[in-house]
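I have placed the structure first, in the form of structure tokens, so that the comments after it can refer back to it.
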Amino acid sequence: MSVTPSRRVAALGENVFSTYSRLAEQHAAINLGQGFPDFDPPAFVLEALAESRHHHQQYAPLPGLKALSDEVVAAHQPGFDHALEPVANILVTVGATEGLFGAMQAFVDPGDEVILFEPFYDAYPADVSMAGGHPRFVPLRLHEGTWHLDLDEFAGAASDRTKMIVVNSPHNPTGKVFSDDELDAIISVAAEREAVIVSDEVYEHLSFTPHRRIAARPGGWERTVSLHSFGKTFSATGWKIGWAIGPEQLIRSLRNAHQWIPFVVATPLQAAAAAVLRTVREAGGGYYHELAAAFERKRDLLVAALAATPLEPIVPDGGYFVLADSRALAYTDDVALCLDLPRRCGVVAIPPSAFYSEENRYLAKHLVRFAFCKEDAVLRQAAERLGTL
Ligand code: PMP
Ligand code: GLN
């Protein structure tokens, strides 16, 4: 057959997570590559799913099941100065992934520019190019173990064509939590260029310092769509359910795009997610604190274990991942190291160059990403194996 893919898709190639999860299977290696928990969600989450399968077999309303939108409002209202309305300000999405794709479709025209900070979550440039836009990359700078946004460099990347700025905090893969100054600078550039801010907050409950919402900063609300992930917060990444929060006008545009992407999100999952949020709310929200504390312990475990190997960990403030400096191992680059790791010691990691543009890929040459959303015993065993390098 000689049917060629569209130019848009032909340019994309396979994503790094599929490649390295396959490598983990081939070598029966410990998979610290792709970010998904290797443990079950809490029992009350599984019970909510078991219960919801008996009901809710037909399409949900376009904005999302009312029970879920109401719970999203209740869960998020304390973080916002504006009164949230379930339909006007919330859209239930197929994970944050659909929120990202939908936002690019909703706001980016061919020729528009989207500012992305590097390293970036790999879906961002793909989503920009599928919308016909052009990414403008601004590298985060690592200085004495801390990642910074250079505000001048950032301002210099903006132009009349800037239509969107994507910020992800806590950040994948660095674990950086953006400071108030950095968030304010993003708002100020967005306001000057009349651009929309997409705030990817999938790790909001996996923050080991207080989570800062850009929409709650002065001038932030009216131009920000924030994206949230049930999968991350409840260790159920396979559910692929999330929600967008924003002002009515932006959510309306996102909903217009969404109606032609999935139309609506799986009803039984929405009902189960609503029941889960309700359970957490009625119990006083302690779940969120316990989750952050549990992941902070996992972070500490992996950081301490890596410190005893030739890999030098860079301590993250949030998220699922630790980046480490691999210079002591003298590989030519991160891909060479990550392709060799499963064979040499039975561990899979992700080469962070997958999260950089061509022009800045060299910045990732001596970095390697490990996921710590895994059982403690698995993290210990992986670190032992890495210690043999
Ligand atoms: N954004 C970031 C930064 C992520 O790491 C992920 C990981 N899956 C996503 C978005 C996608 O979230 P979801 O699984 O809810 O689609
Ligand atoms: N967000 C996860 C990671 O960064 C994986 C998501 C995916 O497989 N697309 O590893």
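Residues take their numbers from the sequence shown, with the count starting at 1. In this text, all values refer to a predicted model and were calculated from it rather than measured experimentally. Just so you know, ligand 1 is whichever comes first in the structure, and atom 1 is the first atom listed for that ligand.
Within ligand 1, counting atoms from 1 as listed, the ones closer than 4.0 Å to a heavy atom of Asn168 are 3 (C). Interface atoms of ligand 1 facing Ser229, defined by a heavy-atom separation under 4.0 Å, are 13 (P), 15 (O). Interface of Gly95 with ligand 1, defined as ligand atoms under 4.0 Å from a residue heavy atom, comprises 15 (O), 16 (O). Heavy-atom proximity to Asn172, at under 4.0 Å, picks out these atoms of ligand 2: 1 (N), 3 (C), 4 (O).
Heavy atoms of His171 stay at 4.0 angstrom or farther from ligand 1. Put simply, part of Tyr203 is less than 4.0 Å from ligand 1, judged by heavy atoms.
Distance from atom 12 (O) of ligand 1 to its nearest protein heavy atom, with residue and atom name: Ala96 CB, 3.6 Å. Scanning the protein heavy atoms around atom 9 (C) of ligand 1, the nearest turns out to be Tyr121 CE2, 3.5 Å. From the protein, the heavy atom lying nearest to atom 8 (O) of ligand 2 is Gln34 NE2, 2.6 Å. When only non-hydrogen protein atoms are considered, atom 8 (N) of ligand 1 lies nearest to Lys232 NZ, 2.6 Å. Here the protein heavy atom with the shortest distance to atom 7 (C) of ligand 2 is Phe17 CD1, 3.4 Å. Closest to atom 14 (O) of ligand 1 among all protein heavy atoms lies Lys240 NZ, 3.2 Å. Summary of contacts: the protein heavy atom closest to atom 16 (O) of ligand 1 is Thr97 OG1, 2.5 Å.
In terms of heavy-atom proximity, Thr93 sits nearest to Val265 at C-CG2, 3.5 Å.
Taking a 6.0 Å sphere around CD of Gln58, one finds it holds 12 or fewer heavy atoms contributed by other residues, nucleotides or ligands. Residue Gln57 places its CD atom among more than 12 non-hydrogen atoms of other residues, nucleotides or ligands, all under 6.0 Å distant. Other residues, nucleotides and ligands place more than 12 heavy atoms under 6.0 Å from the CD atom of Gln259.
Here's the thing with Gly35: one of its N/O atoms is less than 3.5 angstrom from an N/O atom of ligand 2. Residue Thr237 has no N or O atom closer than 3.5 Å to an N or O atom of ligand 1. The shortest N or O to N or O distance between Asn15 and ligand 2 is not below 3.5 Å.
No donor-acceptor pair under 3.5 Å is formed between the side chain of Arg8 and the backbone N or O of Met130. At distances below 3.5 Å, at least one donor-acceptor pair connects side-chain atoms of Gln270 with backbone N or O atoms of Leu65.
Expressed to the nearest 0.5 Å, how far CD of Glu358 lies from CZ of Phe137 amounts to 10.0 Å. Atom CG of Asn15 is separated from atom OG1 of Thr19 by 6.0 Å, given to the nearest 0.5 angstrom.
Proximity of Asp200 to ligand 1, defined as any heavy-atom pair under 4.0 Å, is confined to the side chain (atoms from C-beta onward).
Looking at Asp160 and Arg193, a side-chain N of the basic residue comes within less than 4.0 Å of a carboxylate O on the acidic one, giving a salt bridge. Here Asp376 pairs with Lys298 in a salt bridge; the nearest charged N to carboxylate O distance falls below 4.0 Å.
For atom 6 (C) of ligand 2, the choice among Phe36, Phe321, Tyr121, Tyr20 with the nearest heavy atom turns out to be Tyr121.
Looking at heavy atoms from C-beta onward, Val73 lies in side-chain contact with Ile90 at the 4.5 angstrom threshold.
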